[in-house]
K.L.:
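Structure incoming, see below.
Small disclaimer: the values here were computed from a predicted structure and weren't measured.
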Amino acid sequence: MPADLTSFVGRRHDLAAVRQLFSATRLVTLTGMGGVGKTRLALQAGNTMRRAFPDGVYLVELASLTDPDLLPQTVRDAIGLREQPAVDPLDALEDFLGKRRLLLVLDNCEHLVDATADLVDRVLRAAPDVKVLVTSRQALRTVGEHIYPVAPLRTPEPDALESGTATRYPAVALFADRAAAILPGFTITPQNEATVVRLCRRLEGIPLAIELACVRLRALTVDELASRLDDRFDLLREGSRNLPERHQTLRALIDWSYDLCTPIEQLLWARSSVFAGGFTTDTLEAVCTDERLPASALLDTVARLVDKSVLIRGEHAGHTRFWMLETLREYGRARMAQSPEAADTARRHRDRYAELIRTAGREWAGPRQEEWATRLQLEHANIRQALEYCMSVPGEAGTGLKMAAVPWFWGAMDHLTEARLWLDRGLALHQEPTIERAWGLATTAYIAGFQGDYDALTTLADQAHELAVDLDDRARAYADHVRGFRRSLGGSEDLASAVPLFTEALAKYAASGLEAQYADSLMVELGASLIMLGDYDHARSVADELRARCAARGERWNLSYAHWLRGILELIEGDPERAEHELFEALRIKQVFRDTLGLGLTLESVAWTAAVQGEAERAALLFGATDQIWRTLGARQMRGFRRRYEAMARDRVGDARFEVACERGSRLGVDEVLAVALRESAADEAPRPSSPTSRLTPREQQVAHLVAEGMSNKEIAAKLVISLRTAEGHVERILSKQGFKSRAQIAIWVTQQAGQG
C-alpha cells in the first residue's frame, strides 16, 4: 500500500461502514463518479484494517491496464507471487491465496468489469480467508458483492449554520486543509466562513473539485474564487445539460483548470496523458516535445503543472517520476483524441519504449544490469501500452514482435506467460518471412521450453530455423541455440547432439556481434549439458570462461549461473564446502532479480551439498521447496543428480522423516527457503537435537508440534479451542524462549527433538 501524500479528511462514517460490511461479507465495491474519493477511501480503509489481515493488504492498480487477459498477472505482481509458467495464472492465484488471510484492493476496475468479476469470483471461492475491496464507477454484479456508494462530502446548510462550526462538515474541513497547504496560515474565519461554505456547496462536496479549486488560491482570494466559479459554472452548464449535475460540476472544474493553464501547459497535459502509470522528464522530452513544446521549456512547464496539481511528483529508485490522477488523465486523453496529433503522440510513445528496450538490450550484460532490471519493472505499464499499440494499429505488428522477442527481458521481469501472449498475437498478425518473425518464433520456442511446453518448443524452433536460413547469421545462430536447448532437455542421445548445435551457435554469436546475454545464456545451457554428459573438464572450462566474461563486463545475471555450474562441479569433484561457497554466491546474486528458474536450480544444488554433508533434513526441506518450484515452472533439469542425492538423504534419516521435512519445505515462502539454504536463519540457528525442552510449558510444546505440522495460528486456535490471540501469544513465547526468528526454526527443532527421542 502506498504512503499517504496528503492528510485524510472526513469519511469517518464511511470508514466505519466499510469495516462493518467486511465483518459480514467478503466483497465490497465502492462505487461513485470520478473524483468523489473512492480510491482514497479504499486506501484508508485498507490501512485501518491491516491488523485483521496477517498476510497483508495489497493494492492492485488497474487504471493503466487495457488488456483483460493480463489481469491475473497484474494481481500476481501486486502480491509478489512469482510467475508459474506451467500453471494457469488464475489457478496459481487461487492456490497461493487459498492459504492466506489478506485483503486485495482492486482500484479503478470500471473498464475491466467482466474480467474483474470473473477473477474475484474465482478467488473468493478458492480462498476463504481472502477479502476484496473494489473501486469502480459501476458494480461488478457478481455473487456476494455488497455495493457501497461513495457520496460527496457533506456540506452545511447556510441558513442552519451556526457561526464558527463550518469545519465540522467534511467538505469545509477538506477545503481548509488543502487551502492551508497552498497558503500556509490559511484558516476559516468569521469573515470568510460564509464564502467558503458557499464554495463547498457550489462544488457539491466533490473532493477532487475542492482540491482543484484550492489551487486557484495562489492567485485569487476566497471571494474572487467564489465569484469566478459562479460565472464559470453558469456558462459551462448551459452547454452540458446532458450530463448529470455532479458530473457537470467536476467537468466544469477541470475545464476551468485547463483553461487557466497556458497553451503550453495545456499541450503538455494532453500529451502526457498518453503515458500509462508514471513517467520521467526524459520520457516526457522524448514523447511530448517538438517545435510547439520545445525541450528547453519542458522543466518549467512540468513544475507549473505540479503547482497546479495536474501532475503529482514522486521518487522511485532514486529517480523523479510523475503521474496524474486517473480523472485528469482521462480528461487529457479526451482532449488529445480531438487533436490531429493524437496518432503521432501515440506512435512517439511506442517509439520511445521500443528504443528503451533496445538500449536496455545493449547495456543489459554490463554493470548497469540491476539498474535496468529496476527501471524496466517501473516502466512495465508503459511497455504494455506500447505493445498494445503495435498489436492494434495495422502494419505495426512487426515492431511489436521485435519489442516482444527479447527473452532476457521477460526472464528478468518474471513474466514468461505475458511474453507468450504478446508473441502469439504478434506472430498471428505478422506472417511475412522477416527477421522479426524468425526472432519471434525462436523466442516463443525458447520461452515454451522453460514452461515445459516441449511440443511448441520443437515445432517453433524448427520453423524459426527454416525461416532463418534465408535471413542472416544472427537469426540462424539464435535458431540453432534454441534447437540445441530443445535437445538438451531430451534423453542422452539428444543431449549429445545438443553440444554441436550450441558450439556452432556460439561461434555465430561471436562473429555477428549480437548482445552478449544470448551467448552467456547459451554457455549456461552448454555447461549444464556437458555436466549431464559427464564431460566435466569441458564443463569446467565453459563455466570458468563464462565467469570471466561476466565479471569483466560487470554482468550479474549469468554470473550467478557461472557460480551455479562451478558449484555443481566442485560437488562432483568431492569438495562440498567449495561447492556451497559457489552456490551461496549464486543465490545472493539471484536475490536481486526475479529469476524463478535459476532460484530453483541453485536451491536444489544446495540441497545436494546438504545431503553430502550429512544434513539430511535440511536437504529434505530444500528438496520440498524446489519441488514446488518445478511444479509451477513445468520444466526440470538434472533429474539423475536429484535421484542420487535424494537417496543419500533418505538413507540417513529414513523415508518417514524425509517426507515430513520435504512436505514442510514445500510450504515455506521464498525468504524462508533462502534463509535455510544460506544458513542465515532456520537451519543455522536452530538448536542441536540435545537442546532442552524444559523451558517450554506443556501447552507451548503442544503448540510447537502443531507449528511443525504446518498449522497456521488460526488453525492452532481452532484445534486447541483457544482464541487466535492466545495462539499467537504461545507462538511468540516459543520463539522468544528458544531464540528463534521464524516458524521454520520451530519446525526443524521439533523434528530434531523427535529424532533424539
Side-chain angles (χ1 to χ4, degrees), residues 2 4-6 34-35 39-40 61 63-64 108 178-184 203 206-220 225 228-229 232 250-316 319-339 341-342 344-346 348-349 352 378-379 381-382 385:
D4 292 335
L5 298 178
T6 57
T39 296
R40 192 61 194 275
E61 297 179 292
S64 64
N108 284 307
R178 299 304 188 256
I182 299 294
L183 296 175
L203 298 170
I206 301 170
L208 179 57
I210 292 171
E211 298 201 21
L212 289 175
C214 284
V215 173
R216 306 266 62 85
L217 292 176
R218 288 193 175 97
L220 303 172
L225 177 60
R228 302 258 183 127
L229 281 177
R232 183 74 184 181
L250 185 59
R251 175 59 185 262
L253 252 295
I254 300 177
D255 276 339
W256 192 45
S257 294
Y258 182 83
D259 289 345
L260 287 173
C261 289
T262 64
I264 198 171
E265 292 165 2
Q266 293 175 348
L267 190 60
L268 184 56
W269 181 346
R271 288 181 177 178
S272 61
S273 69
V274 74
F275 291 96
F279 46 87
T280 65
T281 51
D282 287 343
T283 52
L284 274 177
E285 182 175 346
V287 175
C288 299
T289 59
D290 58 12
E291 64 280 356
R292 294 177 61 200
L293 176 56
S296 59
L298 181 68
L299 289 179
D300 286 342
T301 309
V302 167
R304 291 196 298 271
L305 288 178
V306 170
D307 288 342
K308 293 176 179 178
S309 297
V310 175
L311 296 181
I312 301 171
R313 181 187 182 278
E315 289 191 12
H316 292 274
H319 297 281
T320 299
R321 291 180 70 82
F322 301 90
W323 68 95
M324 274 188 273
L325 293 175
E326 188 58 23
T327 304
L328 300 185
R329 188 192 310 278
E330 287 180 358
Y331 182 91
R333 286 180 175 171
R335 287 280 183 172
M336 177 56 66
Q338 300 168 5
S339 168
E341 66 178 25
D344 289 339
T345 304
R348 287 201 302 270
H349 177 276
R352 169 63 179 179
L378 285 173
E379 297 289 6
N382 280 303
Q385 180 152 314

K.L.:
Can you check whether Tyr331 reaches Trp269 side chain to side chain, under 4.5 Å on heavy atoms?
P.N.:
yes
K.L.:
May I ask you to decide if Val274's main-chain N or O and Gln385's side chain share a donor-acceptor pair within less than 3.5 Å?
P.N.:
yes
K.L.:
Looking only at heavy atoms, what is the nearest atom pair of Ser273 and Met336, with distance?
P.N.:
OG-CB, 4.5 Å
K.L.:
Run the side-chain contact (heavy atoms from CB on, under 4.5 Å) test on Leu267 and Glu341 for me, step by step, so that the C-alpha distance in whole Å, both residues' side-chain angles and the decisive distance to 0.1 Å come before the verdict.
P.N.:
CA-CA 11 Å; Leu267 190 60; Glu341 66 178 25; 3.6 Å; yes
K.L.:
Return the CG to CZ distance between Leu284 and Arg271, rounded to the nearest 0.5 Å.
P.N.:
11.0 Å
K.L.:
Under a 4.5 Å cut-off applied to non-hydrogen side-chain atoms, are Met324 and Ile312 in contact?
P.N.:
no
K.L.:
For Cys288 versus Ser272, what's the shortest heavy-atom pair and its separation?
P.N.:
SG-N, 4.0 Å
K.L.:
Which donor-acceptor pairs under 3.5 Å do side chains of residues 293-307 form with protein atoms, sequence neighbours excluded?
P.N.:
{"from": "Thr301", "atom 1": "OG1", "to": "Ala297", "atom 2": "O", "distance (Å)": "2.6"}
{"from": "Arg304", "atom 1": "NE", "to": "Glu265", "atom 2": "OE2", "distance (Å)": "2.4"}

K.L.:
Can you tell me how far CZ of Phe275 sits from NE2 of His349, rounded to the nearest 0.5 angstrom?
P.N.:
5.5 Å
K.L.:
Atom CG in Leu325, atom OG1 in Thr39: separation rounded to 0.5 Å?
P.N.:
8.5 Å
K.L.:
Should Arg329 and Glu326 count as an ion pair when the cut-off is N to O under 4.0 Å?
P.N.:
yes
K.L.:
Determine, for Asp255 against Arg335, whether the closest basic-nitrogen to carboxylate-oxygen distance falls under 4.0 angstrom.
P.N.:
yes
K.L.:
For the atom pair CG (Leu212) and CG (Leu203), what is the distance rounded to the nearest 0.5 Å?
P.N.:
9.5 Å
K.L.:
Is Glu285 salt-bridged to Arg352, going by a charged N under 4.0 Å from an acidic O?
P.N.:
no
K.L.:
Quick check for you: to the nearest 0.5 Å, what is the distance between Arg313 atom CZ and Thr320 atom OG1?
P.N.:
4.0 Å
K.L.:
Of all heavy-atom pairs between Ala276 and Ser64, which one has the smallest distance, and what is that distance?
P.N.:
CB-CB, 3.6 Å
K.L.:
Where do Arg218 and Ile182 come nearest, in terms of heavy atoms and distance?
P.N.:
CG-CG2, 3.4 Å
K.L.:
Looking at side-chain heavy atoms only, is the closest gap between Arg348 and Asp344 below 4.5 Å?
P.N.:
yes
K.L.:
Locate the shortest heavy-atom distance separating Ala342 from Ala337; write the atom from each residue and the value.
P.N.:
CB-CA, 4.4 Å
K.L.:
Below 4.5 Å, heavy atoms only, C-beta onward: do Asp282 and His319 meet side chain to side chain?
P.N.:
no
K.L.:
How close do Asn382 and Gly278 get, counting heavy atoms only, and between which atoms?
P.N.:
ND2-O, 2.9 Å
K.L.:
Any non-hydrogen side-chain atom of Lys308 less than 4.5 Å from a side-chain atom of Cys261?
P.N.:
yes
K.L.:
Please round to the nearest 0.5 Å and tell me the distance separating atom CD of Gln266 and atom CG of Asp259.
P.N.:
6.5 Å
K.L.:
Are any of the side-chain heavy atoms of Thr281 and Phe322 separated by less than 4.5 Å?
P.N.:
yes
K.L.:
When you measure from the side chain of Trp323 to the backbone N and O of Gly314, does any donor-acceptor pair fall under 3.5 Å?
P.N.:
no
